[in-house]
Number of protein chains: 2
Amino acid sequence: MARQKSEQVRQAILDAAHTLFTEKGYIATTISAIARSANTSQSNVYVYFASKIEIAFAVFDPWMRAKMIELESNVGATRGAEAKLEAMVTGLLNGIAADHSGQTLTLVQALATAKPTDNYSSTLLNWTMERLRVMIADAVPASTADEREALAQALMLAFDGVALRQNLRRGEIQGEPSTAAFHHLFQPMIDRATAKEPART
Amino acid sequence: MARQKSEQVRQAILDAAHTLFTEKGYIATTISAIARSANTSQSNVYVYFASKIEIAFAVFDPWMRAKMIELESNVGATRGAEAKLEAMVTGLLNGIAADHSGQTLTLVQALATAKPTDNYSSTLLNWTMERLRVMIADAVPASTADEREALAQALMLAFDGVALRQNLRRGEIQGEPSTAAFHHLFQPMIDRATAKEPART
DNA sequence: TCGGTAAACGAATGACATTCGCTATTGACA
DNA sequence: TGTCAATAGCGAATGTCATTCGTTTACCGA
């Protein structure tokens with residue numbers, strides 16, 4: 001047939017983008033800089049990716065999945081419903097959403113600047129929500145599906161909120177995100193569960 | 001001294017910006033379009049505002065304050081701790097954050113694209129948080145200052161999260177933001193309060 | 001070895017926010 | 001009432017991007 005796309009070039013572009021997004025954020029990173037850092041030309045980047053935003057998602061997706069899997073593993077290793085939930089909330093909001101590597105800043109900037117025509121699939125969002133539901137179910141098996149859904153949604157909203165605030169880094173106001181408040185979210189569920197069957201671990 | 005800035009021109013710029021931001025969002029609105037719509041020149045806009053983002057804040061600030069004052073009045077007119085809190089959460093998340101006039105989209109886009117050098121004062125954020133604290137205190141006088149602070153912070157995070165999601169208008173997933181979950185946040189506080197003194201209104 | 005496809009590239013293009021150099025107004029003061 | 005200096009207002013740059021175009025190779029199957 002013809003010449004084939006090189007997996008190496010693709011990876012070089014992703015690596016360069018990852019580094020630059022981390023250093024300067026999505027908006028301040030130029031295609032030109034990505035190309036230079038990946039040792040290729042600006043225009044060749046478009047052979048591998050349709051747009052700048054597509055690169056952002058290609059970088060963010062695996063990062064986010066890895067973080068979530070790590071979190072799930074931590075939560076799984078924690079004992080006790082309350083401790084599990086606390087680990088989940090803290091890990092999600094203080095760990096992932098507020099991470100200092102700049103990945104969530106990239107996500108927020110990409111989402112905020114996305115044109116309506118950039119349609120990005122909600123696959124990652126759905127996947128993340130499912131991980132949260134599973135974690136909640138693991139921590140409190142007695143919870144209802146509705147409860148898990150509502151809590152997962154609330155957490156995702158807070159996730160986005162924390163990520164957005166990252167960009168203001170005004171230092172003021174923002175110490176740790178108020179995960180404390182979110183622990184209250186789970187309290188009724190925990191109370192109800194432990195009332196039925198005493199804590200086992 | 002010299003020639004003075006005209007309040008009319010300033011207002012014309014703000015009005016034009018307000019309309020255009022509402023129609024197309026912050027990013028898709030150009031200074032050139034604002035100037036044209038305000039019947040002045042592109043460069044003259046910079047006599048009145050230092051940057052595009054400054055215009056965005058000048059438009060958003062009064063809009064947000066008006067919405068919050070309206071909300072506070074609604075909450076004040078509601079009777080009963082639980083009903084007050086529900087009115088507050090629903091009004092804030094479903095009403096203001098998810099509004100269809102595009103103002104919060106403007107805020108999110110402006111914040112996400114703000115350069116670190118654009119320093120925007122956190123006056124509005126502080127003011128909004130204070131309104132929330134006051135509303136919570138009004139609804140549940142027995143609450144502690146720490147509780148009110150944590151809940152206000154959680155609500156502001158959710159506010160930003162909802163505002164950010166607006167831009168994805170994927171229709172899917174997002175029906176109403178899951179305010180239901182947030183009502184749980186307040187339950188322990190309400191229970192504690194009503195245990196001490198029976199509901200009065 | 002040959003031919004065609006598509007990767008790769010350098011040079012446009014087209015949008016923008018923001019700045020520059022100049023002109024025209026105007027408000028305080030003589 | 002006239003003068004003049006500060007500055008509103010303007011049209012034309014500037015500079016920075018993402019994205020596209022026209023060519024030129026390099027590769028793969030035959």
Side-chain angles (χ1 to χ4, degrees), chain A residues 1-17 20-21 23-60 106 109-120, chain B residues 1-17 20-21 23-60 106 109-120:
Chain A
M1 284 293 175
R3 198 169 168 182
Q4 286 186 329
K5 287 192 180 82
S6 142
E7 189 53 40
Q8 290 184 14
V9 172
R10 192 188 138 87
Q11 260 313 314
I13 293 171
L14 285 179
D15 290 348
L20 288 166
F21 288 159
E23 282 169 9
K24 315 150 78 102
Y26 173 76
I27 293 182
T29 297
T30 68
I31 294 285
S32 160
I34 293 174
R36 201 176 320 122
S37 167
N39 271 92
T40 184
S41 70
Q42 230 175 120
S43 41
N44 200 38
V45 170
Y46 285 86
V47 170
Y48 289 84
F49 299 94
S51 64
K52 186 181 174 185
I53 210 167
E54 196 177 301
I55 300 176
F57 288 127
V59 166
F60 183 76
T106 293
Q109 291 186 333
L111 286 183
T113 60
K115 284 165 295 190
T117 53
D118 294 319
N119 66 325
Y120 113 99
Chain B
M1 284 296 175
R3 197 170 170 181
Q4 286 186 330
K5 288 189 180 74
S6 143
E7 189 52 40
Q8 291 184 13
V9 172
R10 192 188 138 86
Q11 260 313 315
I13 292 170
L14 285 177
D15 291 348
L20 289 165
F21 287 159
E23 284 169 7
K24 314 149 80 100
Y26 173 77
I27 293 182
T29 298
T30 68
I31 294 286
S32 160
I34 293 174
R36 202 176 319 121
S37 166
N39 270 92
T40 184
S41 69
Q42 227 174 122
S43 43
N44 200 37
V45 170
Y46 285 86
V47 170
Y48 290 83
F49 298 94
S51 63
K52 187 183 176 186
I53 210 168
E54 197 177 300
I55 299 176
F57 287 127
V59 166
F60 181 76
T106 294
Q109 292 186 333
L111 287 183
T113 60
K115 284 164 295 190
T117 52
D118 293 320
N119 66 325
Y120 112 99

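Here is the naming used below: chain letters follow the sequence lines, and residue numbers restart at 1 for every chain. Computed from a prediction, not measured in an experiment: that's the story for all the values here.
Atom CD1 in A:Ile27 sits 6.5 Å away from atom CD1 in B:Ile27 (nearest 0.5 Å).
At whole-Å resolution of the value, CD in B:Glu7 and C1' in D:dA8 are 14 Å apart. If you measure from atom CZ of A:Phe49 to atom P of C:dA7, you get 13 Å, rounded to the nearest angstrom. Atom-to-atom, NZ of A:Lys5 to C1' of D:dC28 comes out at 15 Å; the value is rounded to the nearest Å. Between the C1' atom of D:dG11 and the CD1 atom of B:Ile31 lies a distance of 17 Å, rounded to the nearest Å. In this structure, A:Lys24 places its NZ atom 13 Å from P of D:dT16, rounding to the nearest Å. If you measure from atom CZ of B:Arg3 to atom P of C:dT26, you get 5 Å, rounded to the nearest angstrom. What separates CD1 of A:Ile13 from P of C:dA7 is a distance of 11 Å, to the nearest Å. Going from atom NZ of B:Lys52 over to atom P of C:dA17 covers 4 Å, rounded to whole Å.
The side chain to side chain contact (heavy atoms under 4.5 Å, CB included) test applied to A:Gln4 returns no partner, not counting sequence neighbours. Partners of B:Gln8 by side chain to side chain contact (heavy atoms under 4.5 Å, CB included), not counting sequence neighbours, listed by chain and number: B:Ser6. Scanning for side chain to side chain contact (heavy atoms under 4.5 Å, CB included) contacts around B:Ala28 gives B:Lys24, with sequence neighbours left out.
Contact check of residues 32-47 of chain B against DNA chain C (heavy atom, cut-off under 4.0 Å) returns B:Gln42, B:Ser43, B:Tyr46.
The A:Val9 side chain lies nearest to C:dA8 when the options are C:dA8, C:dT18, D:dA8. The listed nucleotides are D:dT19, D:dA18, C:dT18; the one nearest the side chain of A:Ser51 is D:dT19.
Sequence neighbours left out, the pairs with a member in residues 44-56 of chain B that pass side-chain hydrogen bond (donor to acceptor under 3.5 Å, both in side chains) are B:Thr40-B:Asn44. Legend: side-chain hydrogen bond (donor to acceptor under 3.5 Å, both in side chains) pairs involving residues 28-38 of chain B, not counting sequence neighbours, sorted by first then second residue: B:Ser32-B:Arg36.
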